[in-house]
*Asks:* 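Sending over a structure as structure tokens; questions will come in a sec.
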Amino acid sequence: MAFGWIDEQAAARRRAGLVRSLRPRPADSPLLDLASNDYLGLARHPEVVAGAQEAARTWGGGATGSRLVTGTTELHTALEHELAAFCGFEAALVFSSGYAANLAAVTALAPHGSLIVSDAGNHASLIDGCRLARGTTQVVGHADPEAVRKALGTHDGPALAVSDTVFSVDGDAAPLVGLAEACREHGAGLVVDDAHGLGVLGAGGRGAPHAAGLAGADDVVVTVTLSKSLGSQGGAVLGPARVVEHLVNAARTFIFDTGLAPAAAGAALAALRLLGREPERAARAREVATGLHARLTAAGLEAVRPDAAVVSVRAPSPEEAVQWAADCRAAGLFVGCFRPPSVPDGISRLRLTARADLTEEQIERAVQVIGGTRP
């Protein structure tokens, strides 16, 4: 029977407690949200919503084509210029998603005969970029510059190291300076995904590469998403102008994909300008994360110390993680739930978002709910 194997896989997922399901949320959900990636609380900010509305009125509901045909508007160009300037890079290129941006950066910068050295904790989009690239991939230990150095030392030819700047599961930061040093010893490029760093780390939220002194370097390429701190949707690649020009000509997820919807570009640009005027939002997100971690550990929970705005709380098993998250929802708190295969180490977790707009009362309420529903 066609697709009969699907039933077998579904049964295996049920036995392992790994079934996933969609839960549509209403526009006016009563839940306290610690599950989204809206780190700065900008997704519903009036200026961001107005930016989306004005862009839709001006440019319409869609980009109407690929970026190289009709999908590039003056709005896209303005967003690229301002995003590059804010983060400290020469140029930027906007994509329809952060996933597409990662696929573009990795595949277009790893030709035949190249080596990609990939961190074991990288996001699925970077992993898929490595799989699709024509170079050879070597996976190394998590956050280990020495392992990267050794891997690069085995190869004679084009090479690059690929890593998240802030890892999405535990919220720990990559040793960017050490990675850059290892790459430079071997003439390799460094590609880093700053999805969880932009808006949270660096001066005024300019990102982890900016904080590490790597912004604008001619051997560093950074990908970002517009769907987290900027409260919109889409992604971008930042780097030297010649790298961006190469992506325009070689990146399949740029050439063959419809451009980012104008409403999303308008919302992202409004959020970027708002962050420029209110840089304290980045520091507040980090402050909330630190406070959450301190209160959770004081309550006897096993929480990972955050380097940005992600706080991870360990759960005993996949089934208990799912039940824990459900019990939190029943008590009015929405938290993320990460299970295998989303967590490569096999340890299930609750994943909490430390949003800049959370009040002290909301933080305390969240800790009480999580502690009161623990397995």
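Numbering starts at 1 and runs along the sequence shown. Worth knowing before you read on, the calculation uses all heavy atoms, side chains too, and leaves out hydrogens, waters and symmetry mates.
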*Asks:* For the side chain of H246 and the backbone of A108, is there at least one donor-acceptor N/O pair under 3.5 Å apart?
*Replies:* yes

*Asks:* Between D119 and A143 (side chain of the first, backbone of the second, donor and acceptor by atom type, cut-off under 3.5 Å), is there such a pair?
*Replies:* yes

*Asks:* Would you say that more than 12 heavy atoms from the other residues, nucleotides or ligands in this model lie under 6.0 Å from the CZ of R57, or not?
*Replies:* yes

*Asks:* Establish whether V162 and L214 are linked, either directly or via other cluster members, by ILVMFWY side-chain heavy-atom contacts under 4.5 Å.
*Replies:*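 No: no chain of side-chain contacts under 4.5 Å links V162 to L214.
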
*Asks:* Would you find more than 12 non-hydrogen atoms of other residues, nucleotides or ligands less than 6.0 Å from Q138 atom CD?
*Replies:*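 Check passes, neighbour count above 12.
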
*Asks:* Hey, mind stepping through R67 and E80 against salt bridge (Lys or Arg N to Asp or Glu O under 4.0 Å) and telling me if it holds?
*Replies:* CA-CA 13 Å; R67 290 289 309 273; E80 287 166 344; 2.9 Å; yes

*Asks:* How many angstroms lie between NE2 in H186 and CG in L115, if you round to the nearest 0.5 Å?
*Replies:*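 One finds 10.5 Å between NE2 of H186 and CG of L115.
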
*Asks:* When you measure from the side chain of R206 to the backbone N and O of F86, does any donor-acceptor pair fall under 3.5 Å?
*Replies:* yes

*Asks:* Using 4.0 Å as the upper bound for N to carboxylate O, is an ion pair formed by D219 and R184?
*Replies:*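 Yes, this pair counts.
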
*Asks:* Distance-only, no hydrogens or angles: does the R355 side chain make a donor-acceptor pair with backbone N or O of D33 under 3.5 Å?
*Replies:*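 Checked: pair present.
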
*Asks:* Please round to the nearest 0.5 Å and tell me the distance separating atom CG of L230 and atom CG of L269.
*Replies:* 9.5 Å

*Asks:* Can you see whether N37 engages R351 through a side-chain donor-acceptor pair at a distance of less than 3.5 angstrom?
*Replies:*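 There is such a pair between these side chains.
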
*Asks:* Do you know the tightest heavy-atom contact between A308 and A289?
*Replies:*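 Closest heavy-atom pair between A308 and A289: O-CB, 3.2 Å.
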
*Asks:* Transitively linked via ILVMFWY side-chain contacts under 4.5 Å: L301 with L34?
*Replies:* yes

*Asks:* Taking the basic N atoms (NZ, or NE/NH1/NH2) and the acidic carboxylate oxygens, is any pair closer than 4.0 Å for R349 and D170?
*Replies:*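 Yes, this pair counts.
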
*Asks:* Testing the 3.5 Å rule here: is there a donor-acceptor pair between the side chains of D128 and S125?
*Replies:* no

*Asks:* Hey, are R314 and E320 close enough for a salt bridge, meaning a charged N less than 4.0 Å from a carboxylate O?
*Replies:*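 Salt bridge: no.
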
*Asks:* Starting at OG1 of T107, measure out to CG of L132 and round the result to the nearest 0.5 Å.
*Replies:*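 Reported value, rounded in 0.5 Å steps: 7.0 Å.
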
*Asks:* For S232 versus A264, what's the shortest heavy-atom pair and its separation?
*Replies:* OG-O, 2.6 Å

*Asks:* Under a 4.0 Å N-O cut-off, is there an ion pair linking R295 with E360?
*Replies:* yes

*Asks:* Pick from V191, V139, L160, L109: which one makes a side-chain contact (heavy atoms from CB on, under 4.5 Å) with I116?
*Replies:* L160

*Asks:* Working to the nearest 0.5 angstrom, can you tell me the gap between K228 NZ and L198 CG?
*Replies:*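 Going from NZ on K228 over to CG on L198, the span is 10.5 Å.
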
*Asks:* Show your working on side chain to side chain contact (heavy atoms under 4.5 Å, CB included) between C183 and L152 and close with a plain yes or no.
*Replies:* CA-CA 8 Å; C183 288; L152 291 173; 4.3 Å; yes

*Asks:* Tell me if a side-chain donor or acceptor on H293 pairs with a main-chain N or O of L296 at a distance below 3.5 Å.
*Replies:*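 Not at all, since once roles are kept as given, no pair shorter than 3.5 Å links the two residues.
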
*Asks:* Between T373 (side chain) and D327 (backbone), is there a donor-acceptor pair under 3.5 Å?
*Replies:*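 No: the side chain of T373 does not pair with the backbone of D327.
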
*Asks:* Are any of the side-chain nitrogens in R15 or E319 under 4.0 Å away from the carboxylate oxygens of its partner?
*Replies:*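 No salt bridge links R15 with E319.
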
*Asks:* So which heavy atom on F89 is nearest to which on A215, and how close?
*Replies:* CZ-CA, 3.6 Å

*Asks:* Which side-chain N or O atoms in residues 249-263 pair as donor and acceptor under 3.5 Å with protein atoms at least two apart or in another chain?
*Replies:*
unit_1, atom_1, unit_2, atom_2, d
N249, ND2, E245, O, 2.8
T253, OG1, A100, O, 2.9
D257, OD2, S96, OG, 2.3

*Asks:* Does V200 share a hydrophobic cluster with V311, counting links as ILVMFWY side-chain heavy atoms below 4.5 Å and allowing steps through other members?
*Replies:*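 Not linked; separate clusters.
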
*Asks:* Sub-3.5 Å donor-acceptor pair from the side chain of S227 to the main-chain atoms of G98, do we have one?
*Replies:* no

*Asks:* Please report the interatomic distance CG(D307) to CG(L201), rounded to the nearest 0.5 Å.
*Replies:*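 Rounded to the nearest 0.5 Å, the CG-CG separation comes to 8.0 Å.
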
*Asks:* Is it the case that the side chains of H76 and T73 hold a donor-acceptor pair, with the cut-off being a distance below 3.5 Å and no angle test?
*Replies:*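 Yes, H76 and T73 have a side-chain donor paired with an acceptor closer than 3.5 Å.
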
*Asks:* Going by atom types alone, do T353 and S36 pair a side-chain donor with an acceptor below 3.5 Å?
*Replies:*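 No, no side-chain donor-acceptor contact under 3.5 Å.
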
*Asks:* So, for G51 and A270, which heavy atoms are closest and what is the spacing to 0.1 Å?
*Replies:*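 Looks like CA-CB, 4.2 Å.
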
*Asks:* Do you know which two heavy atoms are closest between L32 and A366, and how far apart they sit?
*Replies:*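 Minimum heavy-atom separation between L32 and A366: CD2-CB, 4.4 Å.
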
*Asks:* Would you say S29's side chain and R25's backbone share a donor-acceptor pair under 3.5 angstrom?
*Replies:* no

*Asks:* Whether the side chain of N122 engages the backbone of I127 through a donor-acceptor N/O pair (distance < 3.5 Å, no angle test) should be reported.
*Replies:*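 Such a contact is absent between N122 side chain and I127 backbone.
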
*Asks:* Give the cluster check for F95 versus V224: same hydrophobic cluster or not, with ILVMFWY residues linked at side-chain heavy-atom distances below 4.5 Å.
*Replies:*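 Not linked; separate clusters.
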
*Asks:* Is it the case that the side chain of T154 and the backbone of A151 share a donor-acceptor pair, with hydrogens and angles ignored and the cut-off at 3.5 Å?
*Replies:*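 The answer is yes, because a donor-acceptor pair under 3.5 Å joins these two groups.
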
*Asks:* What pair of heavy atoms forms the shortest contact from V244 to L93, and how long is it?
*Replies:*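 The pair with the smallest heavy-atom distance is CG1-CB, 3.9 Å.
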
*Asks:* Should L226 and V237 be regarded as members of a common hydrophobic cluster, given that ILVMFWY residues are connected when their side-chain heavy atoms come within less than 4.5 Å of each other, either directly or indirectly?
*Replies:* no

*Asks:* Assess, by modelled atom type and distance only, whether the side chains of H142 and D172 contain a donor and an acceptor separated by less than 3.5 Å.
*Replies:* yes

*Asks:* Going by an N to O cut-off under 4.0 Å, is there a salt bridge joining R14 and E8?
*Replies:* no

*Asks:* Rounded to the nearest 0.5 Å, what separation is found between the SG atom of C328 and the CD atom of Q323?
*Replies:* 10.0 Å

*Asks:* Report, as yes or no, whether the 6.0 Å neighbourhood of atom CZ on R277 holds more than 12 heavy atoms from other residues, nucleotides or ligands.
*Replies:* yes

*Asks:* With salt bridge (Lys or Arg N to Asp or Glu O under 4.0 Å) as the test, pick out the partner of R273 among E47, E278, E82.
*Replies:* E82

*Asks:* Given the side-chain rings of H196 and F167, with only the six-membered ring counted for Trp, is the space between their centroids under 6.0 Å?
*Replies:* no

